[in-house]
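Written out below as structure tokens is the structure these notes cover.
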Number of protein chains: 2
Amino acid sequence: MNLRLARTSCIECPIRHRAVCAECDDTELAVLEGIKSYVTVPKGGRIAEAGESLDHLSSVVSGCATVSKTLADGRRQMVGLLLPSDFIGRPGRATLSFDIEAATDVTLCRFQRRAFEAIIRSSPNVARRLLTMTLDELDVARDWQVLLGRLTARERVIHFLLSLVRREATETGAAHRSGPVRLELPLSREMIADYLGLTIETTSRQFTALRKDGLIKTPTARTIVVPDLVDLMPEAMDEDGAPSA
Amino acid sequence: MNLRLARTSCIECPIRHRAVCAECDDTELAVLEGIKSYVTVPKGGRIAEAGESLDHLSSVVSGCATVSKTLADGRRQMVGLLLPSDFIGRPGRATLSFDIEAATDVTLCRFQRRAFEAIIRSSPNVARRLLTMTLDELDVARDWQVLLGRLTARERVIHFLLSLVRREATETGAAHRSGPVRLELPLSREMIADYLGLTIETTSRQFTALRKDGLIKTPTARTIVVPDLVDLMPEAMDEDGAPSA
DNA sequence: TTGCCGCCTTGATGCAGATCAAGGCGCGAA
DNA sequence: TTCGCGCCTTGATCTGCATCAAGGCGGCAA
């Protein structure tokens, strides 16, 4: 792990209003500011390993990390995707159950675990925010279970693309309901396959099929252009009731 | 929903030390005691529906409930199994994203949402316990993602059985690491299939195969006897490293 | 006791996605 | 500029599970 300290002020922090600190008042923020430190992990680097004890909790400031588990025979399943503002770690317990790796260069805002646990106890705004974020993650994980258990390969890929678009929209504040969108995929085909519970080959074939159907364009393997989001959404097969995104 | 009030004291409550109230001191417990009420939902009854607003949060006192989502075309995936001590609801938000149904007769210990949210604010022991429980549920959901994304039908059924055994062990305090175990399945074959992301037929065939292999006995469709847990565990294909349970 | 109904099992067949197997393409190093 | 190496795509084939289709079994009502 490549350490690099920085002195960015929380006030100017890009995730100030979305991360675990989102609901802090100035006093609380000052406390967090006092114990935080920045770390950069290069693309491909390990951030944490299942079972290993870690004494820092952190927020993702920039970049993209994956949460996954690898079985004894090499089968691998991604179970979480960490983007800016997402939280890493489990207050109250030192060990994680999953591996966390940097999919791109990742910058973390870290807190010593003991110090952060003290803050949770003293500042209900942090505790409450963390509970909300964890409940949101639980909903995401459960939607993902539906995807892995019941959706076809094509539906999975479409869901993946739509979720990236949606996530990007909430980050930039912009909300495209329709119209063309350009996406830079933070993940390789192999990682996407692990995300979706498919093989690389099937994933690749689905991208090809979507391209042939005119639903996406692929100027580069890592760049996806969606001419019209509305075309993609009917195939997502979401919820009960009617198909939607 | 079939209402039935009762005046069981928290002190004698079977889930007193495992539920959301587990870490309460006597004062906090008294407050909860003041706002709680019991409800019984008969087998097959709806406890909550996705999107619908509910003004109670509850703990499962007895019985078994399922958390699931149904797609527009009828495909269904279970994403959670609620057993005694598990918590239902999302403090801070009125609507759920999933359907909750009683798989057996279920008794709930309910709290008015507003009142409970006030308690979370005033009593850190409840807030902390809820965070821990939510983090635990997240881990369970993620392990389930691995099962749905990468395990074979046989491995899924074995995992299901082992998870029931383990859960039962923590409830009764008894820990069998080996030796014969008898299980009463709280779920029908259809529900097990929805749990495991399989069809009824495949699920049934896997039970048959395990029986033919001598790994289980099935005196009744709903009763499973595992002559030796140790025989089942090597096939579970858990974690990294070596196969284990 | 009989008959019905829901749930479960078993068999035959089909198909989506895995697996096996070649290349192609783009990018960085020499 | 060329080479080599990842990463991605495409094709051929295989297979585990879904789907389609019959019954069997057990509990309950009459």
Side-chain angles (χ1 to χ4, degrees), chain A residues 42-44 66 71 73-77 101 103-104 147-161 183-213 216-224 235 237, chain B residues 42-44 66 71 73-77 101 103-104 147-161 183-213 216-224 235 237:
Chain A
K43 178 173 173 168
T66 65
L71 304 180
D73 60 2
R75 280 177 288 176
R76 192 185 175 76
Q77 177 63 50
E101 285 159 66
T104 64
L147 177 148
L148 292 170
R150 295 302 185 195
L151 297 197
T152 64
R154 182 182 177 96
E155 290 166 340
R156 294 183 200 199
V157 170
I158 290 175
H159 259 257
F160 169 68
L161 294 176
L183 274 177
E184 286 303 319
L185 301 183
L187 304 177
S188 67
R189 289 290 182 276
E190 180 166 27
M191 283 168 153
I192 297 173
D194 287 343
Y195 181 112
L196 299 174
L198 301 170
T199 58
I200 299 183
E201 295 93 325
T202 298
T203 306
S204 178
R205 278 187 247 271
Q206 294 304 326
F207 275 110
T208 304
L210 292 178
R211 181 160 41 70
K212 287 191 174 151
D213 294 348
I216 63 172
K217 289 172 189 161
T218 54
T220 294
R222 290 286 194 117
T223 312
I224 306 286
E235 290 205 54
M237 275 306 298
Chain B
K43 178 174 173 168
T66 64
L71 304 181
D73 60 3
R75 280 176 289 176
R76 192 184 175 76
Q77 177 63 51
E101 285 158 66
T104 65
L147 178 149
L148 293 169
R150 296 302 186 196
L151 297 198
T152 64
R154 183 182 176 96
E155 288 166 341
R156 294 183 201 200
V157 171
I158 290 175
H159 259 256
F160 169 69
L161 294 175
L183 273 178
E184 286 303 318
L185 301 183
L187 304 178
S188 67
R189 289 289 183 277
E190 179 166 27
M191 283 168 153
I192 297 173
D194 287 343
Y195 182 111
L196 299 175
L198 301 170
T199 58
I200 299 182
E201 295 93 326
T202 298
T203 306
S204 178
R205 277 186 248 269
Q206 294 305 326
F207 276 110
T208 304
L210 291 177
R211 180 162 41 71
K212 287 191 175 153
D213 294 348
I216 63 172
K217 289 173 190 160
T218 54
T220 294
R222 290 286 193 117
T223 312
I224 306 287
E235 289 206 54
M237 276 305 299

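So you know, we letter chains A, B, ... as the sequences are listed, proteins then strands, and number each from 1.
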Report, one line per pair, each donor and acceptor closer than 3.5 Å where one atom sits in a side chain of residues 200-207 of chain B; sequence neighbours left out.
| unit_1 | atom_1 | unit_2 | atom_2 | d |
| --- | --- | --- | --- | --- |
| B/Thr202 | OG1 | B/Thr199 | OG1 | 3.1 |
| B/Thr203 | OG1 | B/Thr199 | O | 2.8 |

Looking for any heavy atom pair under 4.0 Å, which part of the strands does [X] touch: base, sugar-phosphate only, or nothing?
X	result
A/Arg222	sugar-phosphate
A/Thr220	nothing
A/Arg154	nothing
A/Ser188	sugar-phosphate

Next on the checklist: Under 4.0 Å from OP1 or OP2 of C/dA16: is there any side-chain N or O of A/Thr152 that close?
Outcome noted: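 Result: no.
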
In whole angstrom, what separates [X]'s [atom1] from [N]'s [atom2]?
X	N	atom1	atom2	result
B/Arg150	C/dG17	CZ	P	13 Å
A/Ile200	C/dG17	CD1	C1'	14 Å
A/Asp194	C/dA18	CG	P	11 Å
A/Asp73	C/dT19	CG	C1'	15 Å

Item to check | Terminal axis angle for the helix from C/dT1-D/dA30 to C/dA30-D/dT1, five pairs an end, nearest 10 degrees | outcome: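 Rounded value for the end-axis angle: 30°.
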
Mind checking whether [X] and [Y] have side chains closer than 4.5 Å, heavy atoms only?
X	Y	result
B/Leu161	B/Leu183	yes
B/Leu151	A/Arg75	yes
B/Leu148	B/Gln77	yes
A/Ile224	A/Thr218	yes
B/Leu187	B/Thr66	yes
A/Asp194	B/Arg150	yes

Checklist entry - Looking at DNA chain D, which of residues 201-209 of chain B put a heavy atom within less than 4.0 Å of it? => result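 Those residues whose heavy atoms fall under 4.0 Å from DNA chain D, taken from residues 201-209 of chain B in numerical order, are B/Glu201, B/Thr202, B/Arg205.
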
Lys/Arg-Asp/Glu bridge criterion (N-O < 4.0 Å) met for [X], [Y]:
X	Y	result
B/Arg222	B/Glu184	no
A/Asp213	A/Arg154	yes
B/Arg76	B/Glu101	yes

Find every protein N or O atom lying less than 3.5 Å from an N or O atom of nucleotides 26-29 of chain C, and list the pairs.
none

Checklist entry - With nearest nucleotides of DNA chain D determined for A/Leu187 and B/Leu151 from heavy-atom distances, which residue corresponds to the more 5′ nucleotide? => result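 Its nucleotide being nearer the 5' end, the pick is A/Leu187.
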
Item to check | Residue closer to the 5' end of DNA chain D, B/Arg156 versus A/Thr218 (nearest nucleotide) | outcome: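 It is A/Thr218 whose nearest nucleotide is closer to the 5' end.
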
Item to check | For chain A, the stretch of DNA chain D it reaches, first to last nucleotide, under 4.0 Å of its heavy atoms | outcome: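 So the outermost contacting nucleotides come out as D/dC8 to D/dA12.
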
Item to check | Closest non-hydrogen atom pair between B/Ile158 and B/Glu235, with its separation | outcome: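 What the structure gives for the nearest pair is CD1-CB, 3.5 Å.
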
Checklist entry - If every non-hydrogen atom of A/Lys43 is compared with every non-hydrogen atom of A/Ala103, which pair is closest and at what distance? => result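 What the structure gives for the nearest pair is CG-O, 3.5 Å.
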
Checklist entry - With distance as the sole test, does B/Ser188 use its side chain to make a donor-acceptor pair with the main-chain N or O of B/Met191 at under 3.5 Å? => result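 The answer is yes, because a donor-acceptor pair under 3.5 Å joins these two groups.
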
Item to check | Partners passing ring pair (Phe, Tyr, Trp, His ring centres under 6.0 Å) against A/Phe160 (at least two apart in sequence or in another chain) | outcome: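 A/Tyr195.
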
